[in-house]
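For this chain, numbers begin at 1 and follow the sequence in order.
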Amino acid sequence: MTKTRWNYIIPFIVIIALNLCCLKIYGFEVSTTNSGKEIKWKKDTVTYLINTTDGPSGSLDALLASMQTWTDVDTSSFTFVDGGTTSKNSHGEQDGINIIDFGVIKDEGVLGQNSFWFYTSGEMIDSDIRFNTKNTWSTDGSSDKFDVQNVGTHELGHSLSLEDLYDKSDSEKTMYGYGSPGDTSQRTLHQDDMDGITYLYPANTSGQNPTPVVLPTPGVATGTLAGFVTDNDRRLRVAGATVRNQSGMFTATTGADGYYQIDNIPAGSYTFIALATGYTLKTVTGVTLTAGETATLDFALSAVVVPTPPPYECPDTLEVMATSASVDPDTLILAKGSSEEVTIIVTDNDGCTAEGVKVTRKLSSANRKMINVKPLSAKTDASGQATFTIRSKKDKGKADVKFSIGGVKDKPKVKIALTK
């Protein structure tokens, strides 16, 4: 098993490959960020497009069977969705499209490679799987060839955020990190594999965090909010986006046409937020709902810009001389008692990340009455990042917090608007 991590600002990418020959939880392991947060999809339904070009006969059915094997775990809510076939071979590109294809991987000793991207929060946003055509494949369990369904089931386990296992006691598990010609044992899940998907994406059974349904309150006049979420640059509709008010009480998810509708909202003025994987969130304040009427609110989201890596290899993060700093996000809207995380990113002039740099939050006496920021100080990790949590104490007003970074002139500032 090889694992390579490129620590760009946002998002991260991890490549996991199944070789020939984190966090340990029971009989399985879960992938984590540098700060120890578990990596997983925000939603429990993920769609893959499949390109069988250069694969053996029967590859499509074999891969769909691999997807179904994980989907059929009845103690988990997770579902792999067949998005159809494609001619795309964009493996290794963070484009928000999940692809399975066949192609050349330089190392012949690597059977399959799963590249996935995630935010610092641990939210996975993209995953691509490639089968190495330097090896010979089949779908019928041929003793001298590697089995597509066998390796496909293993690689889809990485898509869930399950890690490779290498102990001899793990050899019967799908997430065992070695493969051999003719092996089909990983087509079937071991109980520990099923425990892994259940831990990450538990089934929503009675008493386990049911999805709240907002019903009209007797005697309270309500209105409806509806509209479309689109890609600001490409003018395309964004499916699967979340639209919610500040408290999260009124929430909807856009359909395939980018449309959402939220009913039974008590008349009044609100702040609404739209967010989607691969996009910067959009906040709109002063949204007025009138009893018995439908208000229209459309959101145009901007795609997250993936920074271009420096044209040369950066030195070890502990050797980087910090010269620049920024904060993400630099504005917040907080209701009283609510909190959000902000991340300070410290680099040198070439964009290389600096590890071990002390970052200290600076609050005036006036701002201390409005907000609380923890911790007082922190050191950047290997990705050049330090995370702070900002909590609101008031239900109106404005506040800000600055961050002082050792050896850096920049003092990033976050502006906060406080609301009910």
Please examine the side chains of [Y] and [X], heavy atoms only from C-beta on, and report whether any two atoms are closer than 4.5 Å.
| X | Y | answer |
| --- | --- | --- |
| M67 | I50 | yes |
| T85 | T52 | no |
| D330 | K415 | no |
| E29 | L165 | yes |
| V46 | F78 | yes |
| I265 | T222 | no |
| F116 | S31 | yes |
| T139 | D61 | no |

Quick check on side-chain contact (heavy atoms from CB on, under 4.5 Å): which of N51, I129, N89, V148 does F102 satisfy it with?
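The passing option is V148.
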Shortest non-hydrogen contact from [X] toward [Y]:
| X | Y | result |
| --- | --- | --- |
| Q385 | T120 | OE1-CG2, 2.9 Å |
| A386 | A378 | CB-CB, 4.2 Å |
| L301 | A274 | CD2-O, 3.9 Å |
| V414 | P329 | CG2-O, 3.8 Å |
| A303 | D233 | N-OD2, 4.4 Å |
| E340 | L334 | CG-CD2, 3.4 Å |

Report yes or no: do [X] and [Y] form a side-chain donor-acceptor pair below 3.5 Å?
| X | Y | answer |
| --- | --- | --- |
| S169 | D167 | no |
| S66 | Q149 | no |
| S127 | N114 | yes |
| D263 | T224 | yes |
| T75 | T198 | yes |
| S77 | D44 | yes |

For Y260, which residues count as a ring pair (Phe, Tyr, Trp, His ring centres under 6.0 Å) partner, sequence neighbours excluded?
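Result, ring pair (Phe, Tyr, Trp, His ring centres under 6.0 Å) vs Y260: none returned.
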Just by distance, do the side chain of [X] and the backbone of [Y] share a donor-acceptor pair under 3.5 Å?
| X | Y | result |
| --- | --- | --- |
| T230 | N232 | no |
| K173 | G27 | yes |
| D128 | S115 | no |
| N132 | I105 | yes |
| W41 | S159 | yes |
| K393 | R368 | yes |
| D410 | S324 | no |
| T380 | V357 | yes |
| S338 | A335 | yes |
| D381 | S383 | yes |

Apply side-chain contact (heavy atoms from CB on, under 4.5 Å) to residues Y48 and L156 and explain how you reach the verdict.
CA-CA 10 Å; Y48 271 91; L156 286 165; 4.0 Å; yes
With side chain to side chain donor-acceptor pair (under 3.5 Å) as the test, pick out the partner of Q186 among T153, N150, D193, D147.
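For Q186, the side chain to side chain donor-acceptor pair (under 3.5 Å) check succeeds only for N150.
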Hey, is CD on E172 packed in by over 12 heavy atoms from elsewhere, all under 6.0 Å?
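No - once you tally the heavy atoms of other residues, nucleotides and ligands closer than 6.0 Å, there are 12 at most.
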Above 12 or not: heavy atoms from other molecules or residues under 6.0 Å from NZ of K402?
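No - once you tally the heavy atoms of other residues, nucleotides and ligands closer than 6.0 Å, there are 12 at most.
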Trace of the side-chain contact (heavy atoms from CB on, under 4.5 Å) decision for L225 with Y270:
CA-CA 11 Å; L225 183 70; Y270 297 85; over 6 Å; no
Could you name each residue pair satisfying ring pair (Phe, Tyr, Trp, His ring centres under 6.0 Å) that touches residues 338-368, not counting sequence neighbours?
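Non-adjacent pairs meeting ring pair (Phe, Tyr, Trp, His ring centres under 6.0 Å): zero.
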Classify the angle between the aromatic ring planes of H158 and H154 as parallel (below 30°), tilted (30 to 60°) or perpendicular (above 60°).
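Geometry flag for H154 against H158: perpendicular rings.
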F131 vs F146, test: ring-ring contact (aromatic ring centres under 6.0 Å, His included). Steps then yes/no.
CA-CA 10 Å; F131 291 77; F146 293 100; over 10 Å; no
Give the intermediate values and the outcome of side-chain hydrogen bond (donor to acceptor under 3.5 Å, both in side chains) for residues E123 and T277.
CA-CA 9 Å; E123 179 187 346; T277 299; 3.3 Å; yes
Under the side-chain contact (heavy atoms from CB on, under 4.5 Å) rule, what do I390 and V342 come out as? Steps first, then yes or no, please.
CA-CA 8 Å; I390 302 176; V342 297; 4.0 Å; yes
In sequence, state the C-alpha distance, the side-chain angles, and the governing distance for L160 and M175, and then conclude on side-chain contact (heavy atoms from CB on, under 4.5 Å).
CA-CA 11 Å; L160 298 167; M175 296 315 298; over 6 Å; no
Please report the C-alpha distance between R130 and D101 in whole Å, then the side-chain angles of each, then the deciding distance to 0.1 Å, and finally whether the salt bridge (Lys or Arg N to Asp or Glu O under 4.0 Å) criterion is met.
CA-CA 5 Å; R130 171 160 290 179; D101 71 358; 2.7 Å; yes
Partners meeting salt bridge (charged side-chain N to carboxylate O under 4.0 Å, His left out) with R361 (sequence neighbours left out)
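So R361 forms no salt bridge (charged side-chain N to carboxylate O under 4.0 Å, His left out) with any residue.
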Cation-pi check for Y201 against K40: NZ or CZ below 6.0 Å from the six-membered ring centre and within 45 degrees of the axis, yes or no?
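Relative to the ring axis of Y201, which defines the angle, K40 lies inside both limits.
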